[in-house]
Amino acid sequence: MVMRMSQVVAPTLREDPSEAEVVSHKLMLRGGFIKKLAAGVYTFLPLGYRALRNVIGIIREEMDLSGAQEVCMPTIIPAELWQESGRWPLYGKELFRIKDRHDREFCLGPTHEEVITDLVRDSIRSYKQLPANLYQIQTKFRDEVRPRFGLMRGREFLMKDAYSFHTSEESLEKEYQNMYQTYCRIFDRMGLKYRVVEADSGLIGGGFSQEFMVLAETGEEEIFHCNKCNYSASRESAGVGKYKAQAKAQAEAKVTEIHTPNAKTIEELIAFLKISPDQMIKTLIYETEQGAVAALVRGDHAINEPKLKKVLGVEDLRLADQAVIKKVTGAPVGFAGPVGLKGVKIVADHAVELIPLSVSGANKEDFHLINIVYGRDYKADLTGDLRFAVKNDNCPRCGEGIFDVSRGIEVGHIFKLGTKYSDKMRCVYLDEKNQEQVMIMGCYGIGVSRTVAAAIEQNNDKDGMIWPVPLAPFKAAIVPVNAEEPEQKAVAEKIYHELQAKGLDPLLDDRIDRIGVKLKDIDLFGIPFKVIVGPKGLKEGKVEVKQRRTGAMELVPLDQVSEKLVQLIGG
RNA sequence: CGGGGAGUAGCUUAGCUUGGUAGAGCGCCUGGUUUGGGACCAGGAGGCCGCAGGUUCAAAUCCUGUCUCCCCGACCA
């Protein structure tokens with residue numbers, strides 16, 4: 001097949017479409033890579049689909065190499081399976097629910113633990129068939145509350161999901177490491193800069209998990225990493241290490257009640273009392289299955305509810321409403337504090353204990369207390385790490401370094417699921433002793449379409465995308481300065497066929513357009529190399545080879561062009 | 001789901017306050033002049049002004065409802 005630009009369906013735009021905000025979204029729309037059909041639902045046009053196929057190809061090759069087997073499961077899933085796993089009522093509105101003509105309930109699969117578990121429990125009976133790792137590359141649906149940023153957070157998107165089944169934790173651990181290595185190879189091959197972080201496993205459940213983050217200034221996620229050791233974690237799960245030297249409280253300063261009319265928020269208080277937020281105690285009243293609790297964090301910190309759950313050992317946690325707050329503290333919202341608080345468990349973040357003289361609500365409308373000393377004026381029933389980490393916090397792993405923060409885009413996530421699904425869905429096998437055992441599972445995802453967006457997010461400039469070679473929709477574009485001039489035309493065609501013969505995936509820009517227009521488009525597309533065929537070069541029997549990323553240009557004799565590109569593209 | 005904003009040609013948009021023949025730039029088509037980084041001239045095609053009601057002699061414009069899209073927040077295997 002000859003790829004001639006004059007025939008490629010790529011409706012490019014000179015202006016940014018008003019619907020796009022982030023750079024990858026703008027560029028893909030401008031380059032005619034994708035077209036929106038509905039919020040969070042996109043068509044891939046030829047150029048976009050070529051890039052997507054490159055991503056798919058690398059993932060598929062590496063997954064196959066890892067020993068995983070590809071399958072393809074339905075996108076439409078009967079509700080019964082989800083009821084069996086218990087997720088039907090839990091998953092909420094994000095689950096795209098539909099009914100068939102007989103009023104039977106289904107959902108569009110947002111993830112496929114249920115389907116794969118159903119498959120494996122019926123297909124695998126013996127320990128001799130384990131371990132097994134099955135994967136698919138398939139469209140997923142999540143009715144996101146707010147789809148945004150183009151392919152970054154769509155409602156319909158392409159995902160690679162793999163599920164492994166084991167007879168032991170050791171076997172799972174081995175496969176988990178295998179997947180870890182496989183993921184590293186996948187993202188290395190794509191030429192993307194990424195970092196692996198420890199993460200919270202969220203609704204999918206299970207224990208330890210790691211996320212693969214493509215680094216980009218514009219990433220949605222904050223990544224915390226130690227400047228001394230190799231600890232790195234997502235904002236949700238980053239632990240806060242031990243605090244260093246603490247100032248001793250001045251015991252003589254007595255707790256004093258201050259009238260603070262209308263000052264309910266931290267901002268209002270620091271302005272009113274002329275203090276800094278790190279002197280404040282933020283007191284949040286929560287309801288749990290064990291009753292109400294008062295959680296304390298420093299005024300400049302944000303509470304991390306999953307951490308709070310862990311420290312308290314509760315399942316159910318929600319912020320108390322006004323009535324409960326009034327009952328617990330005796331004051332309206334905004335005046336809660338730990339001093340004199342009775343009848344609720346008090347749980348404090350480590351940082352709160354260390355405030356020398358702190359300020360909090362007085363549990364009395366329009367009053368706050370100052371000069372509070374921990375241990376003298378109140379004591380927490382429980383202390384722990386309750387808050388989101390911030391830049392410069394101490395590393396919990398090595399205790400030496402502090403956190404740097406960078407931004408990234410989550411493109412991969414690997415989990416040890418354990419028996420969460422196999423247990424509920426009775427996915428069992430017979431072991432050597434003829435005993436029935438529940439399979440232990442792992443689960444490994446890559447956001448395939450999101451990876452395309454992430455690659456652009458990481459690699460672009462004012463002129464457009466800059467594809468890493470392995471992902472580029474075309475590796476090289478041959479651009480005659482004047483496509484109507486016979487010599488240029490002939491030379492361009494010849495080079496085109498040479499490159500194609502060498503499997504270099506070239507594009508021939510045969511459009512009858514001014515050179516500037518053609519080059520602008522090719523740059524926008526992010527094609528790594530351009531071969532410019534013009535009269536100046538031809539006089540000396542040469543063409544120009546120009547690199548998209550660096551702008552570097554080299555004159556290359558005609559008979560050496562294909563060789564040169566083989567060398568540049570790397571075969 | 002809460003707050004904000006926007007729907008006018010393929011794209012970017014003006015017009016709306018103060019109702020009276022729907023405009024521009026880009027792109028597209030034809031002809032000509034050009035031709036090494038988004039050319040120029042001339043001519044042309046292309047609009048249910050998101051949709052539905054209402055007010056009015058008359059609605060892109062005013063009123064009501066509704067749908068869609070975007071942004072911030074909450075949410076996010």
Side-chain angles (χ1 to χ4, degrees), chain A residues 9-22 25-26 29-32 35-41 82 85 87 90-95 109-114 140-150 152-155 157 159-163 199-206 209 211 220-221 234-236 305-306 318-319 409-415 417 420-421 443-447 450 462-464 479-485 488 509 511-524 530 532-539 543-544 546 548 551 553 555:
Chain A
V9 179
T12 59
L13 302 170
R14 292 194 180 185
E15 286 162 293
D16 284 334
S18 56
E19 72 185 62
E21 191 66 18
V22 298
H25 190 195
K26 282 182 185 169
L29 287 168
R30 278 193 53 204
K35 183 178 186 310
K36 183 176 73 187
L37 187 60
V41 180
W82 280 67
S85 73
R87 283 208 292 184
L90 285 182
Y91 213 91
K93 285 198 218 158
E94 201 180 311
L95 189 61
T111 171
H112 280 70
E113 284 80 7
E114 283 83 358
K140 303 277 190 240
F141 297 86
R142 284 184 202 171
D143 202 355
E144 294 279 351
V145 201
R146 177 143 100 88
R148 60 185 125 176
F149 305 147
M152 209 74 92
R153 178 174 295 276
R155 290 194 295 170
F157 57 98
M159 174 163 155
K160 189 281 308 180
D161 48 330
Y163 307 89
D200 197 59
S201 50
L203 247 192
I204 276 211
S209 84
E211 290 176 348
E220 277 192 277
E221 312 283 337
S234 68
R235 176 174 139 87
E236 283 66 38
E305 293 185 359
R318 59 193 182 281
L319 271 173
I409 298 159
E410 182 193 344
V411 291
H413 203 159
I414 56 180
F415 294 82
L417 268 183
K420 180 172 168 166
Y421 296 89
C443 145
Y444 321 93
I446 293 178
R450 179 184 280 184
K462 64 173 174 40
D463 292 317
V479 191
V481 168
N482 180 348
E484 289 179 296
E485 202 279 313
Q488 290 178 36
D509 196 345
R511 289 176 296 176
I512 314 295
D513 252 312
R514 296 170 71 85
I515 181 70
V517 173
K518 290 187 279 196
L519 294 177
K520 285 286 182 193
D521 275 346
I522 300 298
D523 284 349
L524 175 60
K530 290 186 286 283
I532 302 167
V533 182
K536 289 179 198 164
L538 285 182
K539 253 185 265 173
V543 293
E544 291 161 35
K546 200 165 179 184
R548 174 65 179 89
M553 192 270 279
L555 278 167

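Nucleotides B/U61 and B/A9 are separated by 15 Å at their P atoms, to the nearest Å. Rounded to whole Å, the P atom of B/G38 lies 16 Å from the corresponding atom of B/C28. B/A14 and B/A6 have their P atoms separated by 10 Å, given to the nearest Å. Comparing B/A24 with B/U18, their P atoms are spaced 27 Å from each other, to the whole Å. Going from the C1' atom of B/G27 to that of B/A39 covers 15 Å, rounded to whole Å. As rounded to the nearest Å, B/G47 and B/G10 have P atoms that lie 8 Å from one another. The same atom, C1', is picked in B/C16 and in B/C11; the two are 22 Å apart, to the nearest Å. Distance check on atom C1': B/U12 versus B/A52 gives 29 Å, rounded to whole Å.
Per the geometry, CD belonging to A/Glu221 stands 13 Å off P belonging to B/C75, to the nearest Å. Separating the CG atom of A/Asp513 from the P atom of B/C40 is a distance of 13 Å, rounded to the nearest angstrom. In this entry the distance linking CZ of A/Phe415 with P of B/C76 reads 13 Å, nearest Å. Going from atom CZ of A/Arg146 over to atom P of B/U68 covers 16 Å, rounded to whole Å. Distance A/Asp509 CG to B/G37 C1': 13 Å, rounded to the nearest Å. Between A/Lys518 atom NZ and B/A39 atom C1' there is a gap of 14 Å when expressed in whole angstrom units. Rounded to an integer number of Å, the gap from A/Glu220 CD to B/C71 P is 11 Å. For the pair A/Glu15 CD and B/G27 P, the interatomic distance rounds to 10 Å; values are reported in whole Å.
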Which nucleotides of RNA chain B pair, in dot-bracket form (Watson-Crick or G-U under 3.5 Å, | meaning another strand): (((((((..((((......[..)))).((((((.....)))))).....(((((..]....))))))))))))....
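Within the 3.5 Å criterion, the main-chain N or O of A/Asp16 finds no donor-acceptor partner in the side chain of A/Arg30. Distance alone, capped at 3.5 Å, is enough to place a donor-acceptor pair between the A/Lys518 side chain and the A/Pro480 backbone. A donor-acceptor pair is defined here as one N or O able to donate and one able to accept, closer than 3.5 Å; such a pair exists between the side chain of A/Arg548 and the backbone of A/Asp523. Judged by distance alone, with hydrogens and angles left aside, the side-chain atoms of A/Arg235 form no donor-acceptor pair with the main-chain N or O of A/Glu221 at under 3.5 Å. A donor-acceptor distance shorter than 3.5 angstrom exists from the side chain of A/Arg450 to the backbone of A/Glu410, with no hydrogens or angles considered. Proximity of a side-chain donor or acceptor of A/Gln488 to a complementary backbone N or O of A/Val481 within less than 3.5 Å is detected. Between the A/Lys160 side chain and the A/Tyr444 main chain, a donor and an acceptor come within less than 3.5 Å of each other.
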Derivation of the salt bridge (charged side-chain N to carboxylate O under 4.0 Å, His left out) call for A/Asp509 and A/Lys530: CA-CA 10 Å; A/Asp509 196 345; A/Lys530 290 186 286 283; over 6 Å; no
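Nucleic acid contact for A/Glu544: base, since at least one base atom lies under 4.0 Å from a heavy atom of the residue. Using a 4.0 Å heavy-atom distance criterion, A/Pro11 is classed as making no nucleic acid contact. Across all strands shown, A/Ser18 has heavy atoms under 4.0 Å from sugar-phosphate atoms exclusively, and none from any base. Using a 4.0 Å heavy-atom distance criterion, A/Asp161 is classed as making no nucleic acid contact. Counting any heavy atom pair closer than 4.0 Å across all strands shown, A/Ile515 reaches sugar-phosphate atoms only and no base atom. Within the nucleic acid shown, A/Gly537 comes within 4.0 Å of at least one base atom, counting heavy atoms only. A/Lys36 comes within 4.0 angstrom of sugar-phosphate atoms only, judged by non-hydrogen atoms across all strands, and of no base.
Each of B/G36, B/G37, B/C11 was ranked by its minimum atom distance to the side chain of A/Pro535; first place goes to B/G36. The side chain of A/Glu484 has B/U35 as its nearest neighbour among B/G36, B/U35, B/G25. Closest to the A/Val517 side chain, of the nucleotides B/C76, B/A39, B/A74, is B/A39. For A/Arg148, counting side-chain heavy atoms from C-beta on, the closest listed nucleotide (B/U34, B/G73, B/C76) is B/G73. The side chain of A/Ala39 sits closest to B/C70 out of B/C72, B/G38, B/C70. Of the candidate nucleotides B/U35, B/G38, B/C72, B/U35 has the atom nearest to the side chain of A/Asn482. Distances were taken from every side-chain heavy atom of A/Arg14 (C-beta onward) to each of B/G38, B/C72, B/U35; the shortest belongs to B/G38. Side-chain atoms of A/Pro17 lie closest to B/C11 of the nucleotides B/G38, B/C11, B/G37. Distance from the side chain of A/Glu19 is smallest for B/C70 among the nucleotides B/C76, B/G38, B/C70.
A/Phe141 CZ to A/Met159 CE: the interatomic distance, rounded to the nearest 0.5 Å, is 13.5 Å.
In terms of position on RNA chain B, the residue among A/Met553 and A/Phe157 whose nearest nucleotide sits closer to the 5' end is A/Met553. Projected onto RNA chain B by closest heavy-atom contact, A/Leu37 and A/Arg153 fall at different nucleotides, the more 5' of which corresponds to A/Leu37.
If you check distances only, the side chain of A/Lys546 does reach the base of B/G37 with a donor-acceptor pair under 3.5 Å. On a pure distance criterion of 3.5 Å, a polar donor-acceptor pair joins the side chain of A/Asp523 and the base of B/G37. Judged by distance alone with a 3.5 Å cut-off, a donor-acceptor contact links the side chain of A/Arg30 to the base of B/G38.
Of all non-hydrogen atoms in A/Gly31 and A/Ala10, the two that sit nearest each other are O-CB, 4.1 Å.
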